[in-house]
Amino acid sequence: MDSQTDNIRVLITLKKIAAVVKSLAGEITRDYHDKRPLLVGVLKGSFIFLADLVRQLDFPLEVDFIQLTSYGSGKENTGMIEVDHDLRTNIAGRHVLLVEDIIDTGITASYLLGVLGEREPASLKLCTLMDKPSRRRVPVKIDYAGLTVPDRFVVGYGLDNNEEYRHFPHIGYLED
Ligand code: IMP
Ligand code: MG
């Protein structure tokens with residue numbers, strides 16, 4: 001039987017990803033080791049990244065998740081978004097680190113920073129594994145950025161194409 005992931009061209013190996021995660025964890029440790037931060041994973045794409053990241057952080061922290069509905073499936077962000085599954089944590093006075101898989105147009109991250117910022121956290125910063133700056137439509141300040149990726153639709157390591165390929169261990173793109 002053919003592997004479902006045969007048509008993925010690997011762009012970033014799991015070994016390279018691990019090195020990037022470790023380096024981000026070093027920066028985050030330096031800035032948050034005494035702040036008991038709340039790391040907020042944006043579902044679903046960031047679930048594997050967040051899981052790997054927190055296991056490199058050896059200080060007190062908490063984890064929560066938020067999920068958005070972005071109307072329209074597939075590869076295009078239509079720009080219409082709202083919170084679908086909200087945090088269970090009251091973030092007033094907390095140091096919050098938003099953890100994203102990828103910043104593409106910037107619409108999602110800028111919306112989330114707006115929503116969470118209104119709840120008066122002590123601080124609010126953004127960490128992303130990947131940055132795809134070529135497609136930015138809304139400017140976003142990224143505090144911790146892992147890798148810059150070219151203008152290709154990437155899958156694996158948590159990221160999907162219509163819910164497929166999230167379990168692929170590397171990051172790759174689909175061949176046309
Ligand atoms: P943005 O709002 O356009 O910045 O996109 C943010 C969200 O779209 C990300 O958190 C991903 O879930 C998804 N996304 C953007 N680019 C890709 C991609 O290349 N592969 C998979 N998902 C993506
Ligand atoms: Mg996402």
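Numbering of ligands and ligand atoms starts at 1, following listing order. When a residue number appears, it is its place in the shown sequence, counting from 1. Keep in mind that the numbers below use all heavy atoms, side chains included, and drop hydrogens, waters and symmetry copies. Please read these numbers as outputs of a predicted model, since none were measured by experiment.
Just one of R136, R135, R152 meets the salt bridge (Lys or Arg N to Asp or Glu O under 4.0 Å) condition when paired with D104; it is R135.
Against a heavy-atom cut-off of under 4.0 Å, R152 is close to the following atoms of ligand 1: 19 (O). Of all atoms in ligand 1, numbered sequentially from 1 with element shown, those under 4.0 Å from a heavy atom of I107 are 2 (O), 4 (O). Taking every heavy atom of E100 and a limit of under 4.0 angstrom, the matching atoms of ligand 1 come to 10 (O). Annotation for ligand 1: atoms under 4.0 Å from non-hydrogen atoms of T105 are 1 (P), 2 (O), 3 (O), 4 (O). Which parts of ligand 1 touch D160 is read off a 4.0 Å heavy-atom cut-off, strictly below it: atoms 21 (C).
Contact annotation: for D101 versus ligand 1, heavy atoms closer than 4.0 Å belong to the side chain alone. Of the heavy atoms in R137, none comes closer than 4.0 Å to ligand 1. At a 4.0 Å heavy-atom cut-off, ligand 1 touches L159 through the side chain alone. Residue contacts with ligand 1 for K132 involve side-chain atoms from C-beta outward but no N, CA, C or O (heavy atoms, distance under 4.0 Å).
Looking at T128 and D101, their side chains never come closer than 4.5 Å, going by heavy atoms from C-beta outward. Counting heavy atoms from C-beta outward, I12 and Y157 have side chains that stay 4.5 Å or more apart. Side-chain contact between K125 and Y32 is present, with heavy atoms from C-beta onward closer than 4.5 Å.
Between V154 and ligand 1, at least one pair of N/O atoms sits closer than 3.5 Å. For ligand 1, the polar-atom distance check finds no N/O of F153 at less than 3.5 Å from any of the ligand's N/O atoms.
Residue contacts with ligand 1: A109 is excluded, as none of its non-hydrogen atoms falls under 4.0 Å.
Nearest approach of D160 to E163, heavy atoms of both residues: OD2-N, 2.7 Å. Taking both residues in full, the closest heavy atoms of L87 and R119 are given as CD1-NH1, 4.0 Å, listed atom of the first, atom of the second, then distance. Residue F47 comes nearest to R166 through the heavy atom pair CE2-CD, 4.1 Å, listed as atom of the first residue, atom of the second, then distance.
Within a 6.0 Å radius of CD in E120, no more than 12 heavy atoms belonging to other residues, nucleotides or ligands are found.
In this structure, of V149, I102, I171, the residue bringing a heavy atom nearest to atom 14 (N) of ligand 1 is I102. Within the set T108, V42, L68, the minimum heavy-atom distance to atom 2 (O) of ligand 1 is found for T108.
Annotation: Y165 is not in aromatic contact with H167 [ring centroid separation under 6.0 Å not met].
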